[in-house]
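Here the structure is laid out as C-alpha cells; the discussion comes afterwards.
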Amino acid sequence: MTTTMEASVTAVEKIISYKFKNKKLLEEALTHTSYPESVSYERLEFVGDAALGLAISNHLFLTYTSVDPRQLSLLRSANVSTEKLARATVRCGLYRYVRHNTFCIVDKIREFVEAVEKEKDFSVVVYGGSVKAPKILADVMESVAAAVYVDVDFDLQKLWVIIRGLLEPIVTLDDLEQTPQPVTMLYESCQKSGKFLDIRQCRDGAKSTASVYVDGELVASASSDQRDIAKLDAVKIALQKLEPVLPTIPMTSDYCAGLDGPFEIKGAKQKLYAICGMKKWRKPGYSTEKDEGTSQNKKYVASVLIGTPVGRLKMLGDEKSRLKDAHNSAASLMIRALQQGKYI
C-alpha cells in the first residue's frame, strides 16, 4: 500500500468511525476500474448494493409497521438511489479519496459536489437535484459499505450501526409525500399535451430495464439491478428530453398583480435556483434582452427561463443599470409569479 493510499485509508476510517481489520478491503473500495494495476471496487460494489438494500429494508420494516409494501418499496428505492448515495458520498467527504484515472468525469464530479455543497441545510432531495449525480460516487458508497460488511464477518446489524450515519438524512415517508414523483409528473405532462404514455419493463438476468414510450415512440430507457430504480431513472431522462418540446409561456409583471410587498427580492437569483432544485425543475437560464447606453448610463433588461412539467416559463425583468440587478429583477418577478400562480 502506497503512502498516499495509507493516508486515504486512515482518513476514511476516521470518517466512518471504524478501524478495519483488513485494510486491503478499504483500499479496494476506493479504487475505480480505470486505476492501473490495482484491484478495483467492482466485486465489493456488487455486495454493497445488496447489503445496503437489505439493511435499509430492515430499517424501514421496523420503522413503518403499518405501511404497505408498495410504499416501503418506494422508500427503499429513494434511500439507495444513485442520487441519494452520491450525495451521501459528497456530504461525508468520501469522494476526496477515490483513486481513478478517468479525467472525463472530473468536471462532472466537481459540478455535482459544488451543487450539493450549496445546499447548506442538507435538505432531502428524493428524485434528483439540478446536477446529475455521477454514478462513480454512488458506487464508492456501496463499495465502502461492502468493505465494512465483509470486515465485520457479514454481520448486517453491525454494518447498519456503522454506516447509517453516512446515509443521513434518511428519506422518510413525509419526504416522499411532499416531493413530486417524476412518474406522476410525466403522466400529467403527457395528459396535458394530449400524448399517450407507456412505460414498459423487462428483466434480463440480474438487470431490470425500463423503457418510456410517448405516442408509440421510444423516448428513454434505463437499467438497474432494482426494478423501481430503473423505472425512476428512465422517467427522469424522459422528462428532460420532453421538456424542450413543451410550450414556452411568456410572463410579465402582470402575473404578480395582487401580491403584497415589493417585487424585488434580495438574493432572488440564488432563491430561484434553490426553488428549481427542490421542485426538480431545470435550473434557471438567463438571457440579456436589452443592452443599451454608454458605460456611464447603461440600460439592461434580462429574462429568466425555467422548465416545469407543464411547460417552460419565461419572465422579463425590469430595466436596470447593472446586468446583475437585471438578473435579480427577472428572478424576483419569476418567484412572485410562481407564488401568484400557486406553483410554489
Side-chain angles (χ1 to χ4, degrees), residues 1-2 4-20 22-56 77-117 119 122 125 128-129 131-152 159-160 162-171 223-226 229 233:
M1 188 183 296
T2 65
T4 303
M5 178 47 70
E6 284 182 2
S8 295
V9 165
T10 300
V12 172
E13 285 183 327
K14 186 174 180 180
I15 288 172
I16 64 178
S17 301
Y18 176 74
K19 287 280 186 181
F20 278 81
N22 181 1
K23 297 185 188 297
K24 279 287 184 183
L25 286 169
L26 188 51
E27 182 180 354
E28 279 185 37
L30 298 173
T31 304
H32 186 251
T33 53
S34 63
Y35 198 80
E37 299 178 5
S38 298
V39 179
S40 77
Y41 59 51
E42 277 186 312
R43 281 172 56 82
L44 285 174
E45 180 198 345
F46 166 76
V47 174
D49 177 60
L52 273 181
L54 184 54
I56 285 286
S77 296
N79 277 293
V80 297
S81 68
T82 297
E83 180 74 32
K84 169 64 177 173
L85 297 182
R87 284 172 173 273
T89 300
V90 170
R91 288 173 172 170
C92 69
L94 284 179
Y95 73 95
R96 298 187 180 95
Y97 306 102
V98 182
R99 294 195 300 182
H100 68 86
N101 197 29
T102 311
F103 297 105
C104 63
I105 64 171
V106 171
D107 288 341
K108 293 180 180 178
I109 292 176
R110 177 181 50 77
E111 186 181 5
F112 181 73
V113 169
E114 288 175 355
V116 173
E117 288 180 341
E119 300 165 0
F122 280 13
V125 177
V131 177
K132 183 177 180 180
K135 186 176 181 296
I136 184 175
L137 298 182
D139 292 345
V140 168
M141 180 57 72
E142 290 178 338
S143 302
V144 169
V148 172
Y149 185 49
V150 175
D151 205 57
V152 297
L159 167 66
W160 182 242
I162 294 166
I163 212 75
R164 176 176 176 167
L166 303 183
L167 303 178
E168 294 289 356
I170 302 294
V171 179
S223 298
S224 173
D225 294 336
Q226 297 188 37
I229 293 178
D233 288 346

**Q.** Any Val9 side-chain heavy atom under 4.5 Å of Val12 side chain
**A.** no
(Q) Taking salt bridge (charged side-chain N to carboxylate O under 4.0 Å, His left out) as the definition, give me every residue that meets it alongside Glu111, ordered by chain and number, with sequence neighbours left out. (A) Lys283
Q: Please identify each residue that fulfils ring-ring contact (aromatic ring centres under 6.0 Å, His included) with Phe20, with sequence neighbours left out.
A: Tyr18
Q.
When you compare the side chain of Ile56 with that of Leu167, does any pair of heavy atoms fall below 4.5 Å?
A. yes
For residues 136-144, which side-chain N or O atoms pair as donor and acceptor with protein atoms under 3.5 Å away, sequence neighbours left out?
from	atom 1	to	atom 2	distance (Å)
Asp139	OD1	Lys135	NZ	2.9
Asp139	OD2	Lys135	NZ	3.2
Ser143	OG	Asp139	O	2.8

Q: Give, for atom CZ of Arg164 and atom CD of Glu168, the distance between the pair rounded to the nearest 0.5 Å.
A: 5.0 Å
Distance-only criterion, 3.5 Å: show the donor-acceptor pairs between side-chain atoms of residues 28-36 and protein atoms not counting sequence neighbours.
from	atom 1	to	atom 2	distance (Å)
Thr31	OG1	Glu27	O	2.7
Thr31	OG1	Arg99	NE	3.3
Thr31	OG1	Arg99	NH2	2.9
His32	ND1	Ser34	N	3.1
His32	ND1	Ser34	OG	2.8
Ser34	OG	Asn101	N	2.8
Ser34	OG	Thr102	OG1	2.8

Q. Which atom names give the shortest non-hydrogen contact between Ala88 and Leu166, and what distance separates them?
A. CB-O, 3.3 Å
Q: Would you indicate whether the side-chain heavy atoms of Met5 and Ser38 approach each other to under 4.5 Å?
A: no
Q) With the threshold set at 4.0 Å, does a side-chain nitrogen-carboxylate oxygen contact exist between Glu6 and Lys23? A) no
(Q) Could you work out, with side chain to side chain contact (heavy atoms under 4.5 Å, CB included) as the rule, every residue matching Val47, not counting sequence neighbours? (A) Ala146, Tyr149
Q. Of all residues at least two apart in sequence or in a different chain, which pass the ring-ring contact (aromatic ring centres under 6.0 Å, His included) check with Tyr97?
A. none
(Q) Nearest 0.5 Å, please: how far is CG in Leu44 from CG in Asp49? (A) 12.5 Å
**Q.** Side chain Asn79, main chain Ile170, donor-acceptor under 3.5 Å
**A.** no
**Q.** Check: Leu25 and Val148 side chains under 4.5 Å, non-hydrogen atoms
**A.** no
Q. Sequence neighbours excluded, which residues qualify as side chain to side chain donor-acceptor pair (under 3.5 Å) partners of Arg96?
A. none
Q) If only atom types and distance count, is the side chain of Ser17 paired as donor or acceptor with the main-chain N or O of Glu13 below 3.5 Å? A) no
Q | Matching residue for Phe112 among Val90, Thr89, Asp107 - test: side-chain contact (heavy atoms from CB on, under 4.5 Å) | A | Val90
Q. Where is the tightest heavy-atom contact between Lys19 and Asp151, given as atom of each residue plus distance?
A. O-OD2, 4.2 Å
Q | Residue list, side chain to side chain donor-acceptor pair (under 3.5 Å) with Glu42, at least two apart or on another chain | A | none
(Q) According to salt bridge (charged side-chain N to carboxylate O under 4.0 Å, His left out), who are the partners of Arg43, at least two apart in sequence or on a separate chain? (A) none
**Q.** Separation between OG of Ser81 and CG of Asp233, rounded to the nearest 0.5 Å
**A.** 8.0 Å
